[in-house]
Amino acid sequence: MAKSPDTEHPVKTFGWAARDTSGVLSPFNFSRRATAEKDVRFKVLYCGICHSDLHMVKNEWGITHYPIVPGHEIVGIVTEVGNKVEKFKVGDKVGVGCLVGSCGSCDSCANDLENYCPKMILTYSAPNSDGTITYGGYSETMVADEHFVVRWPENLPLDSGAPLLCAGITTYSPLRYYGLDKPGMSVGVVGLGGLGHVAVKMAKAFGVKVTVISTSPKKKTEAIETLGADSFLVSCDPEQMQAAIGTLDGIIDTVSAVHPILPLTNLLKAHGKLVLVGAPEKPLELPVFPLLMGRKLVGGSNIGGLKETQEMLDFAAKHGVTADVEVIPVDYVNTAMERLEKSDVRYRFVIDVGNTMKAA
């Protein structure tokens with residue numbers, strides 16, 4: 001008979017969990033493993049709320065294991081390390097993002113791309129190597145192998161920096177991999193939400209010219225005056241889109257809803273690249289002729305490996321890149337989920353776990 005969540009491991013802890021597809025979160029007693037020789041245990045101070053958390057608590061992707069403790073934008077302070085840990089000590093500020101494990105032996109792992117390992121272990125609601133289910137950062141404490149823990153730069157704020165562990169690396173990695181990080185290039189960002197606003201900031205930090213592409217004309221002032229974009233296109237305005245044909249070296253598309261791809265590929269110069277980082281639930285229609293006629297690429301990108309995640313955090317700290325956040329107490333989390341579903345947040349909720357998570 002399977003053990004209950006609060007007895008399957010020796011270290012008792014506490015968090016907030018959803019028990020069913022209603023997605024409603026409530027206090028939850030569970031347990032974490034003892035600190036192994038390569039493990040880092042830390043007190044969670046902040047955890048960002050990602051749009052993935054909303055999908056997962058409601059099992060909208062069909063892979064959720066209940067009860068589910070979400071959260072993969074986790075920062076805190078080390079309280080214990082295993083006797084073979086080399087990179088961290090008690091008192092260090094650290095983070096854990098979307099991954100807590102991988103096989104360590106495939107080509108992807110050998111090339112610091114654990115995020116593409118076929119056996120990668122997600123930070124929450126995924127089978128762990130010991131057969132138990134992983135629990136995320138809406139909790140008092142976290143434990144992970146040191147390989148999957150990142151060092152937190154001293155001058156990067158913990159609260160507004162936490163979302164970079166997902167939104168930051170999700171946008172930084174494709175800018176780098178697809179060569180859209182060269183000063184003077186013209187790069188479009190589709191969608192101005194949790195991912196999109198960080199994409200704008202990352203691209204600007206690389207020195208590229210940024211065009212925000214949105215269905216909402218109301219976001220123009222925010223995009224240009226607050227986030228520093230160079231220009232703004234209303235994607236449902238045919239005249240604006242026509243005038244911008246062939247002007248962009250690349251586009252980072254952060255939209256998770258079904259939307260037309262053809263108008264975006266038309267904005268690309270010859271040899272331009274459209275990179276999808278949002279995950280629509282249904283397939284998109286992809287006209288091929290525009291790709292052939294301009295040798296254009298449509299690609300994807302999914303977070304980043306641990307080496308690149310550390311690189312991204314150091315880059316963000318150097319250039320002052322953080323997310324725009326609304327810090328909330330943990331007992332506001334269900335309201336925050338409702339607001340997130342309506343895009344009623346600028347631009348990322350972050351739970352103040354350290355000050356507001358109290359055991360039942």
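Just the heavy atoms: all of them, side chains too, but no hydrogens, waters or symmetry mates, feed the values below.
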Derivation of the side-chain hydrogen bond (donor to acceptor under 3.5 Å, both in side chains) call for Ser231 and Thr211: CA-CA 5 Å; Ser231 54; Thr211 298; 2.7 Å; yes

Run the salt-bridge test on [X] and [Y] with the 4.0 Å N-O cut-off and return the result as yes or no.
{"X": "Lys182", "Y": "Asp249", "result": "no"}
{"X": "Arg33", "Y": "Glu8", "result": "no"}
{"X": "Glu114", "Y": "Lys307", "result": "no"}
{"X": "Lys220", "Y": "Glu225", "result": "no"}
{"X": "Lys87", "Y": "Glu146", "result": "no"}
{"X": "Arg176", "Y": "Asp181", "result": "yes"}
{"X": "Glu80", "Y": "Lys43", "result": "no"}

Value rounded to 0.5 Å, distance of CD1 in Ile49 from NE2 in His72: 11.0 Å

Between [X] and [Y] (side chain of the first, backbone of the second, donor and acceptor by atom type, cut-off under 3.5 Å), is there such a pair?
{"X": "Ser186", "Y": "Leu248", "answer": "no"}
{"X": "Ser256", "Y": "Pro280", "answer": "no"}
{"X": "Asn115", "Y": "Asn302", "answer": "yes"}

Would you indicate whether [X], at its atom [atom1], is surrounded by more than 12 heavy atoms from other residues, nucleotides or ligands within a distance under 6.0 Å?
{"X": "Lys209", "atom1": "NZ", "value": "no"}
{"X": "Phe88", "atom1": "CZ", "value": "yes"}
{"X": "Lys12", "atom1": "NZ", "value": "yes"}

Minimum side-chain heavy-atom gap [X]-[Y] below 4.5 Å:
{"X": "Thr226", "Y": "Thr221", "answer": "no"}
{"X": "Asp39", "Y": "Val81", "answer": "no"}
{"X": "Val189", "Y": "Leu195", "answer": "no"}
{"X": "Leu291", "Y": "Val298", "answer": "yes"}
{"X": "Asp253", "Y": "Leu274", "answer": "yes"}
{"X": "Asp92", "Y": "Ile77", "answer": "no"}
{"X": "Phe28", "Y": "Pro67", "answer": "yes"}
{"X": "Glu341", "Y": "Leu54", "answer": "yes"}

For residues [X] and [Y], report the shortest heavy-atom separation together with the two atoms involved.
{"X": "Asp324", "Y": "Leu227", "value": "OD2-CD2, 3.8 Å"}
{"X": "Lys219", "Y": "Ser214", "value": "CD-OG, 4.0 Å"}
{"X": "Leu99", "Y": "Thr123", "value": "N-OG1, 3.1 Å"}
{"X": "Leu192", "Y": "Ala223", "value": "CD2-CB, 3.8 Å"}
{"X": "Val234", "Y": "Thr215", "value": "CG1-O, 4.2 Å"}
{"X": "Leu25", "Y": "Met337", "value": "CD1-CE, 4.0 Å"}

Criterion side-chain contact (heavy atoms from CB on, under 4.5 Å) on Leu276 and Ile261, from CA distance to verdict: CA-CA 10 Å; Leu276 308 173; Ile261 291 294; 4.1 Å; yes

Steps toward ring-ring contact (aromatic ring centres under 6.0 Å, His included) verdict (Phe206, Phe315): CA-CA 10 Å; Phe206 281 123; Phe315 176 87; 4.5 Å; yes

Mutual orientation of the aromatic rings belonging to Tyr347 and His197 [parallel < 30°, tilted 30-60°, perpendicular > 60°]: parallel

Sequence-distant partners of His147, ring pair (Phe, Tyr, Trp, His ring centres under 6.0 Å), two or more places apart: none

Single-linkage hydrophobic cluster Trp152~Val96, side-chain heavy atoms < 4.5 angstrom: no

Near-ring test Tyr135/Phe30, centroid separation under 6.0 angstrom: yes

From CA spacing to verdict: side-chain hydrogen bond (donor to acceptor under 3.5 Å, both in side chains), Asp107, Tyr116: CA-CA 9 Å; Asp107 285 349; Tyr116 297 119; over 6 Å; no

Verdict with supporting geometry, Arg151 and Asp314, salt bridge (Lys or Arg N to Asp or Glu O under 4.0 Å): CA-CA 9 Å; Arg151 175 186 47 78; Asp314 294 340; 3.2 Å; yes

side-chain hydrogen bond (donor to acceptor under 3.5 Å, both in side chains) between Ser139 and Arg32, worked out: CA-CA 11 Å; Ser139 61; Arg32 294 203 185 274; 2.9 Å; yes

Pair Arg348-Ser160, side-chain hydrogen bond (donor to acceptor under 3.5 Å, both in side chains): steps then yes or no: CA-CA 9 Å; Arg348 211 59 164 196; Ser160 57; over 6 Å; no

